[in-house]
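The structure appears right after this line, and notes come after that.
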Amino acid sequence: MNSQDPRDGISAGIATRPATGDLLNRAAPLLFVLLWSSSFLGTRVGLRHMSPLWFVAVRMVLAAAIMVMALAVVRHLRPNRVAGISPMAWLHCSVAGVSTQAILLMTAHVAMTRTEAAPIALIQTLNPLFSAALAWPLLGERLRPAQVLGLLLGSAGVLLILGLAAMNSRVELPGLLAATAGVFALSCGTLYYRRFCRGIPPLQGATAQFLASAIVCTVSASLLETPWTDWQPGAFAGIAWNTVAVSMGGMALYFLMLTRGTAARATVNFYLVPGVTAVMTWAVLGERLTPIMVVGLAVSSVGCWLVGRGPRIAPASP
């Protein structure tokens, strides 16, 4: 009778069991899209009760306070396992945080006081195009022809809807242009993070990002608007959700995807955000979903599929 070492079965089970990291890598894009899309819903609710820059400032201050407390607790429980970071690392994280959060959110929130959520979500899908265009010369991340086509299709869907929005209402145009500038800041911050912040411990790095963003947003709200709020339940609900679920959870997933993949593959998930946002705001807030918007969303979704379906994006030669 043949005997079999029981450890062989255990080893085989371990080999065939999906690693937790692999499951997180696969789930991260879907979770990111859902969380990021829900932020537009939370913002629409919150802006009914607060001024836009003040809404962002309170959100960043709360997120920074949570991160500082979390860092203090972890350092108290495991003082030998939580190392400090250098002043230069703090500076790099601060630049990345202000670019990817403070500037992006302030411009988007001001724009959403004049236009609906779906067009702003569409503008943010320009992030993959900006990032891919800059990542090749700066980071050496080459795109395959099908992926280039996907980026162009995604951008075409965005420009289709933006052009129609600008033709229908000139009042919305300044806000849309400001939101576009915010997305360019997001793309620059994305590449900056991949270049300078990937090796920084995530807890310390996120704390630095939120602290810098809180300072910039608070100063901007004080100088650029007259902050107001009625502190109704909607204000608390919008701030709480956008702070915990989006600023902390969503951005953690975004930087996780940047750390474990290329800039283009991480940012291409933005192409799926407008469709989910449009459905959410239509179902909950009754915002309109026009046929042209559906066409634009479909084109952008095809572009996302083309970028994400192929093999890993080839790195450029040194």
Side-chain angles (χ1 to χ4, degrees), residues 31-71 93-114 117 120-121 123-124 127 175 178-179 181-183 185-186 189-190 193 202-203 205-255 270 273 277 280-281 284-285:
L31 292 175
F32 170 78
V33 169
L34 293 175
L35 290 175
W36 198 268
S37 301
S38 69
S39 70
F40 292 91
L41 183 60
T43 299
R44 294 296 289 179
V45 173
L47 289 180
R48 296 175 178 177
H49 307 280
M50 301 183 69
S51 56
L53 298 183
W54 182 235
F55 183 91
V56 178
V58 174
R59 171 177 168 180
M60 291 294 103
V61 169
L62 288 177
I66 293 172
M67 294 305 301
V68 168
M69 289 188 291
L71 182 60
C93 291
S94 299
V95 172
V98 170
S99 302
T100 59
Q101 298 196 63
I103 298 177
L104 171 72
L105 294 177
M106 287 191 294
T107 54
H109 282 60
V110 170
M112 287 179 66
T113 60
R114 297 184 177 182
I120 305 301
I123 288 178
Q124 293 190 1
N127 182 27
V183 175
L186 170 64
T190 295
Y193 177 89
L203 182 58
T207 302
Q209 291 179 40
F210 282 117
L211 284 172
S213 297
I215 294 172
V216 170
C217 292
T218 302
V219 173
S220 299
S222 302
L223 297 178
L224 301 178
E225 72 175 12
T226 302
W228 66 269
T229 180
D230 56 13
W231 293 117
Q232 294 296 313
F236 289 103
I239 289 177
W241 178 258
N242 282 7
T243 298
V244 178
V246 183
S247 288
M248 303 182 69
M251 292 305 296
L253 291 171
Y254 183 63
F255 288 123
F270 279 88
V273 170
T277 299
M280 284 184 175
T281 54
V284 178
L285 302 178

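One is the number of the first residue; the rest follow in order along the sequence. No hydrogens, no waters, no symmetry mates; every other heavy atom, side chains included, goes into these values.
Counting all heavy atoms, side chain and backbone alike, A179 lies closest to A111 at CB-CB, 4.3 Å. When all heavy atoms of T281 and A117 are compared, the closest pair comes out as CG2-CB, 3.9 Å. Between A63 and T243, the shortest heavy-atom contact is N-CG2, 3.6 Å. Minimum heavy-atom separation, Q124 to V183: CA-CG2, 3.6 Å. Between G182 and T107, the shortest heavy-atom contact is CA-OG1, 3.4 Å. Looking at every heavy atom in both residues, C217 comes nearest to M60 through SG-CG, 3.8 Å.
A donor-acceptor pair shorter than 3.5 Å can be found between the side chains of E225 and S51. A donor atom on one side chain and an acceptor atom on the other are found under 3.5 Å apart for S247 and R59. For the residue pair T229 / W54, no side-chain donor-acceptor distance below 3.5 Å is found, with atom types taken as modelled.
At distances below 3.5 Å, not a single donor-acceptor pair connects side-chain atoms of S99 with backbone N or O atoms of A96. Looking only at distances, no side-chain donor or acceptor of T207 sits under 3.5 Å from a matching main-chain atom of V68. With hydrogens and angles disregarded, a donor-acceptor distance shorter than 3.5 Å links the side chain of S39 to the backbone of W36. Put simply, the side chain of T100 never gets that close to the backbone of G189: no donor and acceptor are under 3.5 Å apart.
Atoms CD1 and CZ, from I120 and R114 in turn, are 11.5 Å apart once rounded to the nearest 0.5 Å. The OG1 atom of T43 sits 12.5 Å away from atom CH2 of W241, with the distance rounded to the nearest 0.5 Å. Atom OG of S220 sits about 12.0 Å away from atom CG of L105, to the nearest 0.5 Å. For the atom pair CZ of R48 and CD of Q232, the computed distance is 13.0 Å after rounding to the nearest 0.5 Å. Interatomic distance, L47 CG to M112 CE, rounded to the nearest 0.5 Å: 6.0 Å. Distance check: L62 CG to M67 CE gives 13.5 Å after rounding to the nearest 0.5 Å.
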Take F55 and N242 through the test side chain to side chain contact (heavy atoms under 4.5 Å, CB included) and record every step on the way to the result. CA-CA 10 Å; F55 183 91; N242 282 7; 3.7 Å; yes
